[in-house]
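In what follows, residues are counted from 1 in the order of the sequence shown.
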Amino acid sequence: GLMEKQFRGVYKKAIRRRGVTGEIMLQILETRLDSVVFSLGFGYTRAQARQMVTHGHVLVNGKRAHTPSIALNENDAVEIKPVEKSRHLADKNLEYSTSRIVPEWLELDKGAYKGTLKRMPTREDVEPIANEQTDRKSTRLNSSHVVISYAVFCLKKKMRNLTLHSIYSVIYLHRPHLSPPFTIHP
(Lines give C-alpha, C1' and ligand atoms only; values in the text may rest on other atoms or scores of the structure.)
Protein backbone atom coordinates (compact mmCIF):
# COMPACT_ATOMS: atom_id res chain seq x y z
CA GLY A 1 0.00 0.00 0.00
CA LEU A 2 2.81 2.47 -0.69
CA MET A 3 2.60 5.21 -3.25
CA GLU A 4 5.60 5.99 -5.46
CA LYS A 5 6.64 9.01 -3.39
CA GLN A 6 6.61 6.98 -0.15
CA PHE A 7 8.53 4.14 -1.80
CA ARG A 8 11.11 6.63 -3.03
CA GLY A 9 11.45 7.94 0.54
CA VAL A 10 12.02 4.42 1.86
CA TYR A 11 14.67 3.88 -0.79
CA LYS A 12 16.44 7.14 0.09
CA LYS A 13 16.48 6.20 3.80
CA ALA A 14 17.84 2.75 2.94
CA ILE A 15 20.74 3.96 0.81
CA ARG A 16 21.83 6.35 3.57
CA ARG A 17 22.23 3.48 6.04
CA ARG A 18 25.07 0.99 6.12
CA GLY A 19 24.34 -2.48 4.79
CA VAL A 20 22.55 -4.14 1.91
CA THR A 21 20.01 -1.69 0.52
CA GLY A 22 17.33 -4.31 -0.16
CA GLU A 23 17.58 -5.77 3.33
CA ILE A 24 17.38 -2.32 4.92
CA MET A 25 14.35 -1.47 2.77
CA LEU A 26 12.61 -4.62 3.97
CA GLN A 27 13.47 -3.74 7.56
CA ILE A 28 12.06 -0.23 7.18
CA LEU A 29 8.87 -1.57 5.59
CA GLU A 30 8.38 -4.32 8.19
CA THR A 31 8.74 -1.95 11.14
CA ARG A 32 6.10 0.52 9.92
CA LEU A 33 3.19 0.70 12.35
CA ASP A 34 0.61 -0.65 9.90
CA SER A 35 2.86 -3.60 9.04
CA VAL A 36 3.46 -4.42 12.72
CA VAL A 37 -0.29 -4.25 13.45
CA PHE A 38 -0.83 -6.71 10.58
CA SER A 39 2.00 -9.01 11.71
CA LEU A 40 0.62 -9.12 15.25
CA GLY A 41 -2.75 -10.22 13.85
CA PHE A 42 -4.72 -7.16 14.98
CA GLY A 43 -5.51 -6.46 11.32
CA TYR A 44 -6.68 -9.26 9.04
CA THR A 45 -5.17 -7.60 5.95
CA ARG A 46 -2.54 -4.89 5.58
CA ALA A 47 -5.21 -2.49 4.34
CA GLN A 48 -7.36 -3.19 7.38
CA ALA A 49 -4.37 -2.75 9.70
CA ARG A 50 -3.69 0.61 8.05
CA GLN A 51 -7.33 1.61 8.51
CA MET A 52 -7.27 0.59 12.18
CA VAL A 53 -4.34 2.95 12.71
CA THR A 54 -5.91 5.87 10.85
CA HIS A 55 -9.19 5.45 12.76
CA GLY A 56 -7.38 5.71 16.08
CA HIS A 57 -7.79 2.13 17.35
CA VAL A 58 -4.04 1.71 17.97
CA LEU A 59 -1.78 3.10 20.71
CA VAL A 60 2.02 3.26 20.49
CA ASN A 61 3.75 3.45 23.86
CA GLY A 62 0.44 4.49 25.42
CA LYS A 63 -0.24 7.35 22.98
CA ARG A 64 -2.79 7.29 20.19
CA ALA A 65 -1.27 7.04 16.73
CA HIS A 66 -3.04 8.07 13.52
CA THR A 67 -0.15 7.73 11.06
CA PRO A 68 0.36 4.24 9.55
CA SER A 69 3.89 5.05 8.37
CA ILE A 70 5.32 5.64 11.87
CA ALA A 71 8.68 3.87 12.12
CA LEU A 72 8.83 1.75 15.25
CA ASN A 73 11.99 1.13 17.26
CA GLU A 74 13.07 -1.69 19.55
CA ASN A 75 10.94 -2.09 22.69
CA ASP A 76 8.08 0.02 21.31
CA ALA A 77 4.71 -1.23 22.57
CA VAL A 78 1.75 -1.43 20.20
CA GLU A 79 -1.65 -1.97 21.78
CA ILE A 80 -5.30 -1.72 20.93
CA LYS A 81 -7.17 1.18 22.53
CA PRO A 82 -9.05 0.02 25.67
CA VAL A 83 -12.49 0.67 24.18
CA GLU A 84 -15.05 -2.06 23.54
CA LYS A 85 -15.38 -1.26 19.82
CA SER A 86 -11.61 -1.39 19.24
CA ARG A 87 -11.13 -4.56 21.29
CA HIS A 88 -14.03 -6.30 19.55
CA LEU A 89 -12.51 -5.49 16.16
CA ALA A 90 -9.12 -6.80 17.32
CA ASP A 91 -10.74 -9.99 18.69
CA LYS A 92 -12.36 -10.74 15.32
CA ASN A 93 -9.10 -10.13 13.47
CA LEU A 94 -7.06 -12.24 15.89
CA GLU A 95 -9.56 -15.05 15.37
CA TYR A 96 -9.29 -14.77 11.57
CA SER A 97 -5.50 -14.62 11.60
CA THR A 98 -4.85 -17.70 13.76
CA SER A 99 -3.19 -19.45 10.80
CA ARG A 100 -0.59 -16.66 10.62
CA ILE A 101 2.38 -17.04 12.95
CA VAL A 102 3.60 -13.97 14.85
CA PRO A 103 7.23 -13.32 13.79
CA GLU A 104 10.00 -14.00 16.34
CA TRP A 105 11.02 -10.34 16.43
CA LEU A 106 7.58 -9.44 17.79
CA GLU A 107 6.01 -10.44 21.10
CA LEU A 108 2.21 -10.72 21.37
CA ASP A 109 0.09 -10.71 24.53
CA LYS A 110 -3.41 -11.54 23.25
CA GLY A 111 -5.06 -11.06 26.64
CA ALA A 112 -3.75 -7.51 27.01
CA TYR A 113 -4.17 -6.74 23.28
CA LYS A 114 -0.55 -5.69 23.26
CA GLY A 115 2.51 -6.42 21.15
CA THR A 116 6.14 -5.39 21.53
CA LEU A 117 8.89 -4.99 18.97
CA LYS A 118 11.56 -7.07 20.73
CA ARG A 119 14.27 -6.44 18.13
CA MET A 120 14.68 -5.21 14.60
CA PRO A 121 13.90 -7.91 12.02
CA THR A 122 16.79 -9.54 10.17
CA ARG A 123 16.79 -10.91 6.64
CA GLU A 124 16.01 -14.39 7.95
CA ASP A 125 12.96 -13.09 9.86
CA VAL A 126 11.28 -11.49 6.86
CA GLU A 127 9.22 -13.68 4.55
CA PRO A 128 11.36 -14.69 1.56
CA ILE A 129 10.26 -12.17 -1.05
CA ALA A 130 13.66 -10.87 -2.15
CA ASN A 131 17.25 -11.94 -2.73
CA GLU A 132 19.64 -9.06 -2.37
CA GLN A 133 23.14 -8.78 -3.79
CA THR A 134 25.95 -8.56 -1.27
CA ASP A 135 27.47 -5.44 -2.82
CA ARG A 136 25.94 -1.96 -2.48
CA LYS A 137 25.64 -1.29 -6.21
CA SER A 138 22.12 -2.60 -6.72
CA THR A 139 19.36 -4.79 -5.41
CA ARG A 140 18.10 -7.73 -7.44
CA LEU A 141 14.85 -9.46 -6.69
CA ASN A 142 13.72 -12.89 -7.82
CA SER A 143 11.58 -13.34 -10.93
CA SER A 144 8.29 -13.38 -9.01
CA HIS A 145 9.03 -9.85 -7.80
CA VAL A 146 10.11 -8.23 -11.05
CA VAL A 147 7.78 -5.30 -10.39
CA ILE A 148 9.70 -4.27 -7.25
CA SER A 149 13.00 -4.82 -9.04
CA TYR A 150 11.97 -2.53 -11.87
CA ALA A 151 10.70 0.07 -9.38
CA VAL A 152 14.11 0.07 -7.66
CA PHE A 153 15.76 0.37 -11.08
CA CYS A 154 13.57 3.39 -11.89
CA LEU A 155 14.38 5.00 -8.56
CA LYS A 156 18.10 4.52 -9.16
CA LYS A 157 17.82 6.07 -12.60
CA LYS A 158 15.62 8.84 -11.10
CA MET A 159 12.88 8.19 -13.61
CA ARG A 160 9.91 10.40 -12.83
CA ASN A 161 7.33 8.67 -15.02
CA LEU A 162 7.04 5.47 -12.97
CA THR A 163 3.53 4.09 -13.24
CA LEU A 164 2.18 0.61 -12.67
CA HIS A 165 1.18 0.43 -16.33
CA SER A 166 4.70 1.33 -17.52
CA ILE A 167 6.24 -1.21 -15.14
CA TYR A 168 4.00 -4.04 -16.36
CA SER A 169 4.50 -2.98 -20.00
CA VAL A 170 8.28 -3.25 -19.72
CA ILE A 171 8.05 -6.54 -17.84
CA TYR A 172 5.69 -7.99 -20.42
CA LEU A 173 7.99 -6.95 -23.29
CA HIS A 174 11.00 -8.63 -21.65
CA ARG A 175 9.17 -11.61 -20.14
CA PRO A 176 6.14 -12.44 -22.28
CA HIS A 177 5.40 -15.59 -20.23
CA LEU A 178 4.30 -13.32 -17.33
CA SER A 179 0.75 -12.23 -17.97
CA PRO A 180 -0.02 -8.63 -17.02
CA PRO A 181 -3.20 -7.90 -15.02
CA PHE A 182 -4.51 -5.67 -17.83
CA THR A 183 -4.51 -5.37 -21.62
CA ILE A 184 -1.53 -3.60 -23.18
CA HIS A 185 -2.35 -1.48 -26.21
CA PRO A 186 0.59 -0.74 -28.56
Side-chain angles (χ1 to χ4, degrees), residues 1-14 17 22-130 141-142 144-145 147-148 151-152 162-165 167-168 181-182:
L2 288 179
M3 302 301 285
E4 177 189 351
K5 189 174 182 179
Q6 290 173 304
F7 191 77
R8 187 172 277 140
V10 169
Y11 174 74
K12 286 178 182 177
K13 283 181 193 173
R17 293 187 191 171
E23 184 175 336
I24 295 168
M25 282 179 68
L26 290 173
Q27 202 174 58
I28 292 169
L29 293 171
E30 284 295 316
T31 56
R32 283 172 47 112
L33 180 57
D34 56 350
S35 185
V36 170
V37 169
F38 171 74
S39 297
L40 288 169
F42 294 140
Y44 185 63
T45 63
R46 291 188 187 274
Q48 186 183 31
R50 183 179 181 88
Q51 188 175 37
M52 285 184 69
V53 174
T54 58
H55 287 200
H57 295 290
V58 178
L59 304 174
V60 177
N61 297 327
K63 297 178 183 174
R64 199 164 29 168
H66 292 285
T67 310
S69 62
I70 291 174
L72 298 177
N73 299 313
E74 289 183 25
N75 300 318
D76 278 349
V78 176
E79 60 184 302
I80 301 300
K81 192 165 72 170
V83 175
E84 184 180 345
K85 185 177 180 182
S86 300
R87 298 278 170 112
H88 180 69
L89 182 61
D91 272 335
K92 278 193 335 187
N93 292 332
L94 283 167
E95 186 180 311
Y96 289 139
S97 61
T98 53
S99 62
R100 224 177 27 234
I101 298 170
V102 176
E104 291 178 13
W105 50 276
L106 292 172
E107 185 179 316
L108 174 64
D109 181 2
K110 287 184 181 180
Y113 299 94
K114 186 175 185 176
T116 307
L117 184 74
K118 293 191 301 188
R119 60 180 170 79
M120 296 304 274
T122 61
R123 177 70 194 103
E124 292 77 30
D125 295 329
V126 179
E127 291 179 23
I129 63 163
L141 303 172
N142 59 31
S144 64
H145 292 83
V147 174
I148 297 173
V152 170
L162 175 67
T163 64
L164 192 58
H165 189 274
I167 292 170
Y168 278 116
F182 55 84

State whether the side chain of Arg46 and the backbone N or O of Asp34 hold a donor-acceptor pair below 3.5 Å, judged by distance alone. no

For Asn73 and Asp76 the tightest heavy-atom approach is N-OD2, 2.8 Å

Which atom of Glu107 lies closest to which atom of Lys118, heavy atoms considered: OE1-CD, 3.4 Å

Mind listing the closest non-hydrogen atom pair of Gln51 and Thr54 along with its distance? O-OG1, 3.0 Å

Looking only at heavy atoms, what is the nearest atom pair of Leu40 and Leu108, with distance? O-CD2, 3.5 Å

Backbone N or O of Gln48 within a donor-acceptor pair of the Thr45 side chain at under 3.5 Å? yes

Candidate pair His57 and Phe42, rule side-chain contact (heavy atoms from CB on, under 4.5 Å), full reasoning: CA-CA 10 Å; His57 295 290; Phe42 294 140; over 6 Å; no

Test item: Pro68 and Val37 side chains (from C-beta on) under 4.5 Å apart, heavy atoms: no

Would Leu117 and Leu106 satisfy side-chain contact (heavy atoms from CB on, under 4.5 Å), going step by step from the backbone distance to the final call? CA-CA 5 Å; Leu117 184 74; Leu106 292 172; 3.6 Å; yes

At what distance, to the nearest 0.5 angstrom, does OG1 of Thr67 lie from CZ of Arg50? 9.5 Å

Do any N or O atoms from the side chain of Arg100 and from the backbone of Phe38 form a donor-acceptor pair under 3.5 angstrom? yes

Considering residues, nucleotides and ligands other than Lys114, do more than 12 of their heavy atoms fall under 6.0 Å from its NZ? no

Rounded to the nearest 0.5 Å, how far does CD of Glu95 lie from NZ of Lys110? 10.0 Å

Are Asp91 and Tyr113 close enough, and set up right, to give a side-chain contact (heavy atoms from CB on, under 4.5 Å), and what steps lead you there? CA-CA 9 Å; Asp91 272 335; Tyr113 299 94; 2.8 Å; yes

Before you tell me yes or no, could you show the steps for Met120 and Glu30 under side-chain contact (heavy atoms from CB on, under 4.5 Å), namely the whole-Å CA-CA distance, both residues' side-chain angles and the distance that decides it to 0.1 Å? CA-CA 9 Å; Met120 296 304 274; Glu30 284 295 316; over 6 Å; no

Are the side chain of Gln27 and the backbone N or O of Pro121 linked by a donor-acceptor pair below 3.5 Å? yes

For residues Arg32 and Gln6, report the shortest heavy-atom separation together with the two atoms involved. NH1-NE2, 4.3 Å

Mind checking the CG-CD1 spacing from Leu29 to Ile24? Nearest 0.5 Å is all I need. 12.0 Å

With a cut-off of 6.0 Å (strictly less than), are more than 12 heavy atoms of other residues, nucleotides or ligands near NE2 of His88? no

Can you tell me how far the CG atom of Leu89 sits from the NZ atom of Lys81, to the nearest 0.5 Å? 11.5 Å

Would you find more than 12 non-hydrogen atoms of other residues, nucleotides or ligands less than 6.0 Å from Lys92 atom NZ? no

Return the minimal non-hydrogen interatomic distance between Ala65 and Val60, and the atom names on each side. CB-CG2, 3.9 Å

Kindly compute the distance separating NE2 (His55) from OG (Ser86), expressed to the nearest 0.5 Å. 11.0 Å

Can you tell me how far CD1 of Ile28 sits from CZ of Arg17, rounded to the nearest 0.5 angstrom? 4.0 Å

Kindly say whether Ser35 contributes a backbone atom to a donor-acceptor pair with the side chain of Ser39 at under 3.5 angstrom? yes

